[in-house]
Novice: 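My structure is below; once you've seen it, I'll send some questions.
Just so it is clear: chains get the letters A, B, ... in the order the sequence lines come, proteins before strands, and each one is counted from 1.
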Amino acid sequence: DGGITQSPKYLFRKEGQNVTLSCEQNLNHDAMYWYRQDPGQGLRLIYYSQIVNDFQKGDIAEGYSVSREKKESFPLTVTSAQKNPTAFYLCASSIGVEDEQFFGPGTRLTVL
Amino acid sequence: GEDVEQSLFLSVREGDSSVINCTYTDSSSTYLYWYKQEPGAGLQLLTYIFSNMDMKQDQRLTVLLNKKDKHLSLRIADTQTGDSAIYFCAGNRDNYGQNFVFGPGTRLSVLP
C-alpha cells in the first residue's frame with residue numbers, strides 16, 4: 001500500500017532538548033512538506049522540499065531544521081531555539097509543488 | 001500574499017445539508033481543494049475543482065466556485081455524524097515557493 005507515515009504519533013520531550021520527527025512516503029513523490037497546526041488555527045508551512053537534496057524555508061522556519069537525503073524521507077528537527085514547540089505536526093507530499101498534497105497522520109509533540 | 005478565510009464553526013442537524021464557505025484574495029490558483037480532518041488525524045483530500053469550472057458534484061458533495069466574488073463553497077447533503085470534522089479549503093498558486101495556502105478550517109458539528 002502506498003502512503004505517507006509519520007512516527008511517533010505522540011512525543012514528549014523536556015524543554016531544551018532537540019527532537020526529530022520522522023516522515024516517510026512510498027508514493028514516489030518529489031515534493032514533501034512540514035506544517036504546524038495549533039488549536040483553532042490553520043496549517044502553517046515550516047519547510048518544504050521540491051526534490052532530493054533541496055529544501056526551502058516556509059513561513060515559520062525559525063527553530064526548525066530539515067534534511068532531504070532520500071526521496072522517501074523528510075525528517076524535521078525541532079531545536080531548543082523554537083520558543084513554543086508544543087503543537088501538532090503534519091507532513092505531506094505531492095508529485096510536484098503545484099499538485100494536490102497527501103498528508104500523514106501527524107505527530108503531536110508536547111514539550112514539558 | 002494570499003488570504004483564505006473561513007467561518008470557524010458550523011452546527012447542523014443530522015440529515016440536513018451543510019454549507020461550508022471559503023473566500024480568498026488571490027485568483028491565480030489553478031485548483032481549489034477541500035480537505036477533511038478528523039480529530040487527531042491528518043488531512044484527507046475530499047474533492048477539488050479546477051478554476052475554470054463553476055460547479056462539481058461528487059456523490060453527497062457539491063463544490064461551487066464563484067470566481068468573480070472569489071468564493072468557494074462545499075455543500076454536504078444528508079449530513080451524517082461521521083461528517084463531524086474540520087474542513088479546510090486550500091488553493092495552489094504558481095508562485096515559486098509556498099504553493100499551497102490553507103484556510104483556518106471550519107469545525108462542523110453534526111447534532112443528532
Side-chain angles (χ1 to χ4, degrees), chain A residues 3-11 21-25 27 29-51 54-61 87-110, chain B residues 1-10 20-26 28-51 56 58 63 72 85-109:
Chain A
I4 178 165
T5 58
Q6 291 183 243
S7 60
K9 190 167 175 63
Y10 299 97
L11 191 54
L21 281 60
S22 164
C23 177
E24 304 276 332
Q25 53 96 3
L27 300 166
H29 286 171
D30 281 319
M32 296 186 75
Y33 313 81
W34 274 105
Y35 293 92
R36 171 183 171 137
Q37 186 180 26
D38 293 284
Q41 294 195 32
L43 279 65
R44 291 186 289 169
L45 183 66
I46 305 172
Y47 267 98
Y48 69 98
S49 167
Q50 292 191 87
I51 201 161
D54 178 71
F55 50 83
Q56 305 291 334
K57 291 181 180 179
D59 295 317
I60 54 164
F88 189 51
Y89 289 87
L90 286 160
C91 180
S93 70
S94 62
I95 295 170
V97 289
E98 294 175 19
D99 298 298
E100 68 193 61
Q101 295 183 10
F102 294 83
F103 283 80
T107 292
R108 186 166 297 280
L109 172 65
T110 302
Chain B
E2 170 81 284
D3 238 348
V4 180
E5 293 183 359
Q6 299 177 242
S7 51
L8 295 182
F9 300 98
L10 176 65
I20 303 170
N21 294 302
C22 173
T23 57
Y24 56 94
T25 56
D26 186 341
S28 65
S29 291
T30 311
Y31 289 95
L32 291 150
Y33 302 85
W34 283 104
Y35 283 86
K36 175 183 180 182
Q37 184 183 33
E38 296 184 1
L43 275 66
Q44 170 196 355
L45 179 67
L46 273 183
T47 187
Y48 63 92
I49 188 167
F50 191 47
S51 59
K56 179 179 178 182
D58 185 359
V63 180
L72 180 74
I86 303 176
Y87 291 81
F88 293 91
C89 65
N92 69 339
R93 294 177 296 170
D94 288 333
N95 290 351
Y96 182 83
Q98 296 162 26
N99 286 83
F100 249 69
V101 180
F102 288 86
T106 298
R107 184 180 293 275
L108 174 64
S109 298

Novice: Within a reach of under 6.0 Å around CZ of A:Arg44, are more than 12 heavy atoms found that belong to other residues, nucleotides or ligands?
Specialist: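 More than 12 within 6.0 Å, yes.
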Novice: Not counting sequence neighbours, which residues clear ring-ring contact (aromatic ring centres under 6.0 Å, His included) with B:Tyr87? List them please.
Specialist: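 Partners of B:Tyr87 under the ring-ring contact (aromatic ring centres under 6.0 Å, His included) test: none.
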Novice: So which heavy atom on A:Glu100 is nearest to which on B:Tyr48, and how close?
Specialist: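 Heavy-atom minimum between the residues: OE1-CE2, 4.3 Å.
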Novice: If you take all heavy atoms of A:Phe103 and B:Leu43, which pair is closest and at what distance?
Specialist: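 Heavy atoms of A:Phe103 and B:Leu43 come nearest at CB-O, 3.3 Å.
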Novice: What residues, two or more places apart in sequence or in another chain, satisfy ring-ring contact (aromatic ring centres under 6.0 Å, His included) together with B:Phe9?
Specialist: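 Testing B:Phe9 for ring-ring contact (aromatic ring centres under 6.0 Å, His included), a comparison that skips the adjacent residues, returns none.
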Novice: As an exercise: rank A:Lys9, A:Gln6, A:Gln37 by heavy-atom pairs under 4.5 Å with chain B and give me the winner.
Specialist: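 Highest number of pairs under 4.5 Å: A:Gln37.
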Novice: Taking side chain as everything from C-beta outward and backbone as N, CA, C, O, which of these in B:Leu45 sits under 4.5 Å from a heavy atom of chain A? Side chain, backbone, both or neither.
Specialist: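 The answer is the side chain of B:Leu45.
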Novice: Given side chains that start at C-beta, do those of B:Tyr33 and A:Gln101 come closer than 4.5 Å, heavy atoms only?
Specialist: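 Counting from C-beta outward, B:Tyr33 and A:Gln101 never come under 4.5 Å.
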Novice: Using heavy-atom distances under 4.5 Å, tell me whether B:Gln37 contacts chain A through its side chain, its backbone, both, or neither.
Specialist: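 Contact with chain A involves the side chain of B:Gln37 alone.
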